[in-house]
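Input: a single structure, listed below in structure tokens.
Note that ligands are numbered from 1 as they come in the structure, with each ligand's atoms numbered from 1 the same way. This is a predicted model, so every value here is computed, not measured.
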Amino acid sequence: MENIFYKYQGTGNDFVMIDNRNGLFPKEDTALIAKVCHRRFGIGADGLILLENDSETDFRMVYFNADGNEGSMCGNGGRCIVAFAHFLNVIGKKTVFIAVDGLHEATIDNNVVSLKMMDVNEVKEKTNALYMNTGSPHHVQMVNELKSFDVVKEGARMRYGIYGEKGSNINFVEPNASGGFDIRTYERGVEDETLSCGTGVTAVAIGMYHLGNTKEKTIPVNALGGNLEVSFKENNGLYHDIYLKGEAKQVFKGELTWQN
Ligand SMILES: N[C@@H](CCC[C@H](N)C(=O)O)C(=O)O
């Protein structure tokens, strides 16, 4: 069958997922991808992800933000595509795949995906904030009263204001009563707050350790759409063996009925 799509969500970060092993999806059609992701004129999603063949790994992940442009690494999308590859029988319970930021190892067990993220070699200290690349660029800033914080207004202002045209994803974080951290993220390319951002959650866990706000190297981070866990090792400010773990679920299947 042609034009079949699946919808996945990982802690509320939602993606249209397409098996593009036949290479037929028109991935240069930015307007089509944006329309597919549009929440009123399309299916509605934070991004669209293609699963493609790769000669050296189990598959290739190609990720587009909701604006139709190819994005940098998506941690929740990475977890969701592992669940999708498992569903398609492309992989068993373990995989190595390639994404825009390089190789990723992952395991899946009962919808829970643990995804190895790229190493973080530098955490930049800014005024009242940190900045790092966890596969995607992330600004991490602590705030009081995160629940009522205006993430969309402040995130949009800082995304361009501090980081220029290319911008950055903007994360706001507050310690919670369970010893972990609560996070809310303004996502570049979605240009809105999303319910969860995996590379952002990873940046927050590393950032809180870097600042000495926790001594733990396995850190629960709660997003609006669900809870994730980040674990890592650290040597002299270099972070490696970083894993992002949490649920990733298929929520429905459908057929694209328009071309553009
Ligand atoms: N939701 C993603 C982050 C996607 C990348 C980002 N929007 C960008 O291109 O900057 C995640 O789960 O990591």
Give a yes or no answer on whether the side chain of Thr185 reaches the backbone of Glu187 with a donor-acceptor pair at less than 3.5 Å.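 A pair under 3.5 Å: no.
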
Pair Tyr131 + His139: ring centers closer than 6.0 Å: no

Centroid-centroid under 6.0 Å between Tyr6 and Phe87 rings: yes

Within the heavy-atom cut-off of under 4.0 Å, ligand 1 is lined by Asn13, Tyr63, Asn65, Gly71, Ser72, Met73, Cys74, Gly75, Asn76, Ser136, Asn169, Glu187, Arg188, Cys197, Gly198, Thr199

All pairs passing salt bridge (charged side-chain N to carboxylate O under 4.0 Å, His left out) where residues 219-235 contributes a residue, at least two apart: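 Output for this query is empty, none listed.
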
Among Ile, Leu, Val, Met, Phe, Trp and Tyr joined by side-chain contacts under 4.5 Å, find the other residues sharing a cluster with Tyr160 and list them by chain and number.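 Reading the cluster by chain and number, Tyr160 sits alone, since nothing else belongs.
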
List, by chain and then residue number, the residues other than Ile98 in its hydrophobic cluster (Ile/Leu/Val/Met/Phe/Trp/Tyr, side-chain heavy atoms under 4.5 Å); write none if there are no others. Val96, Leu103

